[in-house]
Structure formats: structure tokens, C-alpha cells
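One structure is given below, encoded as C-alpha cells.
Every chain is numbered from 1, with letters handed out A, B, ... down the list of sequences.
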Amino acid sequence: MELLPAEQLLFNRMKDTIRSVYERFGFVPLDTPVMELAEVLLAKAGGETEKQIYQFTKGDNELALRFDLTVPLARYVSEHFGQLTFPYRRYHIGKVYRGERPQKGRFREFYQCDIDIIGDGELSLIHDAEIPAVIYTTFTELGFERFTIRINNRQVLGGLFESLGFADRSADIMRAVDKLDKIGWENVREELQTLGLAESAMDTIRSFLDIQGSPLRMCRALRALGIENERFRAGVDALEEVVRGLTALGVPEKNYRLDVAIARGLDYYTGTVYETILDDHPGVGSVCSGGRYDNLAEFYTNRRLPGVGISIGLTRLFYQLTEAGVFRPGAATPTRILVLPMTDDRTAALAAASQLRAAGIPTEVYLEGAKFKKKMKYANSIGVPFVLILGEEEIRTERYSLKNMATGEQESLALAEIIDRFQAGASVRA
RNA sequence: GUGGGCGUAGCUCAGUUGGCAGAGCGCUAGGUUGUGGCCCUAGUGGUCGUGGGUUCAAGUCCCAUCGCUCACCCCA
């Protein structure tokens with residue numbers, strides 16, 4: 001999404017925030033090409049996904065644009081398996097492409113901010129708790145307080161359906177159940193009917209979906225259903241372990257809850273699944289989702305590489321919240337001080353700017369030969385907070401006029417004083 | 001893939017039964033000799049998406065095409 005300067009600065013700040021949290025949790029950056037051989041990206045794609053992939057031919061190569069960051073990760077991990085250390089924790093913030101009809105908040109090109117933890121052969125369940133801890137920290141630092149990470153385990157759903165004798169239709173049933181929030185029980189029931197479920201089975205699913213309460217209470221209630229199925233029990237145990245991990249990691253209970261209805265559409269999730277919604281903007285939908293998968297790279301290597309991860313849809317998040325007025329773009333420039341030379345000789349202005357920059361203050365010099373009024377107008381329109389005026393008098397006395405654009409106040413200061421003041425201010429802001 | 005809507009000035013859009021191409025914002029200049037925002041005045045600005053057709057005459061009607069957009073499916 002192309003943006004105007006003020007918005008792009010805001011967007012980049014969000015991206016930086018996400019990156020810094022990811023790195024704080026020990027994830028290492030990865031930046032694979034947006035283009036891959038089509039056969040790589042299409043290896044396990046089918047149906048809807050395949051239709052959404054941009055493909056083209058260049059010479060003898062069939063190429064395609066990545067439509068997520070997980071498939072390239074799978075290729076990367078199998079290709080560099082020998083040089084990576086496991087569990088491999090990587091983050092990737094990059095653009096992905098989907099050839100679908102664009103609509104509100106959905107684009108052909110958008111940013112995903114992924115983290116994944118990949119194990120070699122096995123991966124401890126505690127990582128499933130680490131992921132929501134990262135989500136919690138990220139959204140908190142993005143300035144949100146009211147958001148909910150919804151957590152489920154597909155084995156719970158799968159085990160339940162298996163116990164009811166519908167193992168073969170498990171994926172379809174999950175898809176229907178996943179819509180509960182959106183379309184309500186009656187419509188879900190209709191879909192289940194279409195799938196051939198009997199009344200008694202639907203009643204069981206209904207009572208299962210009705211379970212609510214605190215995470216640990218829900219785990220007890222799920223066990224109390226008395227469902228005789230190994231996967232189901234394993235799923236509930238896994239959920240409980242994740243909940244205990246979250247508590248240890250200090251994720252407050254107000255920011256997550258177990259929700260046995262969520263399944264995520266993608267079929268490759270096999271265990272824990274996550275979905276995050278902003279409580280005050282439910283219409284935006286899930287702003288961050290993901291889960292656990294048994295085998296990341298089965299199409300590229302014989303090694304079994306289980307993983308768990310999530311993706312933040314940054315472009316949608318930014319777009320929807322800007323639209324809702326939650327984000328207010330500020331200045332249209334990173335410049336803190338705009339130097340305005342008043343004399344034909346710009347030497348003093350350029351020298352002053354260099355010193356300010358050396359002190360770490362983002363500084364710009366207005367170099368066009370325009371009237372003073374126009375220079376001020378420029379300063380105003382880019383939203384720079386301060387201008388530094390260098391006329392003959394200022395240059396001679398080496399005391400420059402620093403003007404605060406917001407208040408209109410202007411004072412005469414030596415360069416060293418200005419630097420002191422901004423550096424003090426910088427440490428306060430941080 | 002299915003079904004709507006829209007393409008006119010840099011931007012947002014108006015344009016009546018087919019009859020001189022418009023407004024606001026922006027930009028430029030001035031009101032203010034080294035002081036921005038607010039205000040006032042003047043000026044600048046167009047292959048009407050593209051190609052074809054109907055007509056004395058098309059921004060307006062018809063066909064095609066490209067682009068954008070909204071909803072559905074699916075998903076971030």
C-alpha cells in the first residue's frame with residue numbers, strides 16, 4: 001500500500017515496534033526473495049490458494065510471487081538445514097502477494113510479520129505458550145490494551161469429531177464450526193446438517209461449543225464431557241499446558257481466552273491455533289493468527305520439522321485502524337530541525353546542519369532560493385517541530401534563532417546549547 | 001470465480017432532455033522588506049481512462065477494452 005509521508009512514517013514506526021519486540025524474544029531475521037520457482041510455492045498449494053498465486057514465465061523459468069511467508073520458510077529451512085541451529089526461531093517482515101479481487105482492507109500486496117519456531121524432529125509444547133506472549137507484548141507496545149488472543153487446539157476439535165465418527169469430514173466440520181462467531185449457531189447447524197451430521201451429534205457439538213469460563217475451568221469442563229478419545233484428551237492436556245505457560249510468562253488473563261470454536265481455515269495447522277481480535281474493533285477481524293503444524297517442510301525434505309508461529313497482517317491492521325481514526329498521522333518528515341539559510345552563502349547553514357546530525361538530531365537544510373515566507377510555509381507544511389534561522393546577524397554572532405513551530409516562540413542560542421537541549425529531550429522521549 | 005459501482009483539473013467530486021468544461025482543495029502571486037498556520041483577492045490548471053459506433057452535435061447514448069473499487073467465496 002503506498003502512503004503519503006506522514007502515514008508512511010507512522011506505518012514504519014509500527015513495523016519497527018513489531019521488529020523490536022520480535023528480536024527481544026530472540027527471533028532472528030530472515031528475508032527470502034518475493035519470487036520463487038513456481039513449483040516451490042505450488043508444492044502443497046491447492047484449490048483457492050493456487051488460484052491466488054501470481055505466476056509468470058521468464059525464459060525457461062516458471063516463477064511465482066509468494067503468497068505467504070511460511071512456504072518460503074519451509075524451502076529455506078530444508079535448503080539450509082545443515083547451517084541452522086534448532087529450535088530455529090526466525091521472524092520475517094515482508095510483502096506477500098495474493099491475486100484476488102481487492103476490497104476494503106484487503107490488498108493484492110500486503111505486509112505480513114511472521115514469527116515461527118521450528119524444531120528438528122520435535123518441538124516442546126512450551127513454545128506454543130511463547131507465541132501468544134510475543135503477541136501480547138507486541139500489541140501492548142503498539143498501544144493497544146483491549147485485545148483478546150483466542151486460543152484453541154485442533155486436536156480437541158478433531159478428537160471430538162473422531163469420537164462422533166466423523167473423522168473423514170473433520171476439516172469440513174471445523175470450517176463450519178469456525179464460523180460460529182460470524183454466522184451464529186443456527187447457520188452453523190445448517191451447514192453441519194448438509195455435511196450429514198445426526199441430531200445427536202449436533203447436540204453434542206452444541207454443548208461442547210457452549211463451554212466457557214476461565215481457561216483452567218474450561219479445561220476441566222472439557223474433560224468432564226467424558227469424551228473417550230485419545231486425541232481429544234491430548235488436545236485438552238496441551239491447552240492446559242499452554243495456559244500454565246502463559247501464566248508463567250506473565251500474560252494477563254484479560255488478554256487471552258480459550259475458544260473451542262476457532263479452527264483457522266488453513267488445513268496445515270495440527271495443534272494449537274491462535275486468533276487475535278481487537279476488542280474495540282471487532283469488525284477488523286483477526287489481526288494476528290497462526291498455530292502449530294506437525295511438519296513444516298514435508299514437500300521439501302524428509303526430515304520432520306514441527307513448528308509453531310503466527311503472522312500479523314500489518315497492512316490490514318494499519319489500514320483499518322487509520323480508517324477508524326485510531327491512528328493519527330503526525331509530521332510528514334522525520335526532520336526535527338529545519339535549517340533556513342537567509343544568506344546566499346549556505347556554508348554556515350550546511351556546517352550547522354552537519355554538527356546537528358553528528359549529534360544525532362535529524363536535520364534538513366532548505367536549499368532552494370525562495371522567499372523567507374515560502375521557506376516557513378514549507379516548514380509548516382511538512383510539520384517539522386523546529387526551524388533554525390541563519391541570517392547575517394546570526395552567523396556573525398554565532399547565536400542562531402531557534403523557532404518552535406507549535407508555539408511560535410523563538411530564541412537565540414549557540415549551537416552547543418541547541419544540541420544539549422535536543423539530546424536531553426531525546427532521552428526523555430525514549 | 002460470481003454480482004454491483006466508478007473512471008472529468010495534481011486531489012475530492014459536480015456536470016440537467018445530448019448543445020460554450022465546472023466547484024472546493026492544492027499550487028502560484030499579492031495583501032505582510034527576516035516569520036508559517038487562519039482570513040481576503042487574483043491567477044494557474046483538462047487527450048472528460050482508451051478504442052470504435054450512433055448523431056448536425058457525445059463528458060452525457062451504444063459496443064468493446066483497460067484500470068480502480070465494494071460485496072460474496074476465501075483469507076492478513
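B:C74 atom C1' lies 14 Å from atom CG of A:Asp68, rounded to whole Å. To the nearest angstrom, C1' of B:A76 lies 13 Å from CE of A:Met14. If you take CD1 of A:Ile135 and P of B:A76, they are 13 Å apart, rounded to a whole angstrom. Separating the CD atom of A:Glu191 from the C1' atom of B:C73 is a distance of 12 Å, rounded to the nearest angstrom. Going from atom CZ of A:Phe107 over to atom C1' of B:U69 covers 11 Å, rounded to whole Å. At whole-Å resolution of the value, CG in A:Asp178 and P in B:A76 are 10 Å apart. The interatomic distance linking A:Asp172 (CG) with B:C73 (C1') rounds to 15 Å, in whole Å.
When the C1' atom is used for both B:C68 and B:C61, the distance is 24 Å, rounded to whole Å. Distance check on atom C1': B:G49 versus B:G67 gives 7 Å, rounded to whole Å. Nucleotides B:A76 and B:C38 are separated by 43 Å at their P atoms, to the nearest Å. For the C1' atoms, the distance from B:C48 to B:G7 is 9 Å, rounded to whole Å. For the P atom pair drawn from B:C62 and B:C6, the interatomic distance equals 12 Å after rounding to whole Å. Across the P atoms, B:G18 and B:U55 are found 16 Å apart, a figure rounded to whole Å.
Checked against a 6.0 Å centroid threshold, the rings of A:Tyr378 and A:Tyr366 count as neighbours. A:Phe318 and A:Phe11 have their aromatic ring centers within a separation under 6.0 angstrom. Aromatic rings from A:Phe107 and A:Tyr319 are positioned such that their centres are separated by under 6.0 Å.
Under the rule for a salt bridge (charged side-chain N to carboxylate O under 4.0 Å, His left out), A:Arg13 has no partner lying at least two apart in sequence or in another chain. By the salt bridge (charged side-chain N to carboxylate O under 4.0 Å, His left out) test, A:Asp280 pairs with A:Arg146, sequence neighbours left out. Remark: A:Glu417 engages A:Arg399 in a salt bridge (charged side-chain N to carboxylate O under 4.0 Å, His left out) (not counting sequence neighbours).
For B:C74, the OP1/OP2 oxygens have no side-chain nitrogen or oxygen of A:Arg98 closer than 4.0 Å.
A:Asp345 and A:Thr347 share a side-chain donor-acceptor pair at under 3.5 Å. Between the side chains of A:Glu275 and A:Ser289, no donor-acceptor pair is found at a separation under 3.5 Å. Between A:Glu109 and A:Tyr97, the side chains place a donor N or O and an acceptor N or O closer than 3.5 Å (distance only, hydrogens not considered).
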Under 3.5 Å, which protein N or O atoms sit close to an N or O of nucleotides 34-41 of chain B? Give each pair with its distance.
unit_1 : atom_1 : unit_2   : atom_2 : d
B:G34  : O6     : A:Glu394 : OE1    : 2.9
B:G34  : N1     : A:Glu394 : OE1    : 3.2
B:G34  : N1     : A:Glu394 : OE2    : 2.8
B:G34  : N2     : A:Glu394 : OE2    : 3.1
B:U35  : O2     : A:Lys403 : NZ     : 2.6
B:U35  : N3     : A:Gln410 : OE1    : 2.7
B:U35  : O4     : A:Gln410 : OE1    : 3.3
B:U35  : O4     : A:Gln410 : NE2    : 2.5
B:G36  : O2'    : A:Asn380 : ND2    : 3.4
B:G36  : N1     : A:Met405 : O      : 2.4
B:G36  : N2     : A:Asn380 : OD1    : 3.0
B:G36  : N2     : A:Met405 : O      : 2.6
B:G36  : N3     : A:Asn380 : OD1    : 3.1
B:G37  : O4'    : A:Asn380 : ND2    : 2.9

N/O-N/O pairs, protein side and nucleotides 9-13 of chain B side, under 3.5 Å:
none

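We find that A:Glu298 and A:Arg303 are not joined by a salt bridge, their nearest charged nitrogen and carboxylate oxygen being 4.0 Å or further apart. Between A:Arg75 and A:Glu36, at least one side-chain nitrogen of the basic residue sits less than 4.0 Å from a carboxylate oxygen of the acidic one, meeting the salt-bridge criterion. In summary, A:Glu130 and A:Arg89 engage in a salt bridge, as defined by a charged side-chain N under 4.0 Å from a carboxylate O.
Taking the six-membered ring where the residue is Trp, A:Tyr76 and A:His80 present tilted rings, their angle falling between 30° and 60°.
Both A:Arg108 and A:Gln112 lie close to RNA chain B; mapped to their nearest nucleotides by heavy-atom distance, the more 5′-ward contact belongs to A:Arg108.
Taking only distance into account, the side chain of A:Arg175 never meets the base of B:C74 through a donor-acceptor pair shorter than 3.5 Å.
When distances run from any side-chain atom of A:Ser286 to the nucleotides B:A76, B:C68, B:C75, the shortest one goes to B:A76.
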In dot-bracket form, 5' to 3', how is RNA chain B paired? Count Watson-Crick and G-U wobble pairs only if both distances fall under 3.5 Å, and write | where the partner sits on another strand. (((((((..((((.....[..)))).(((((.......))))).....(((((..]....))))))))))))....
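Nucleic acid contact class of A:Tyr111 (heavy atoms, under 4.0 Å, all strands): none.
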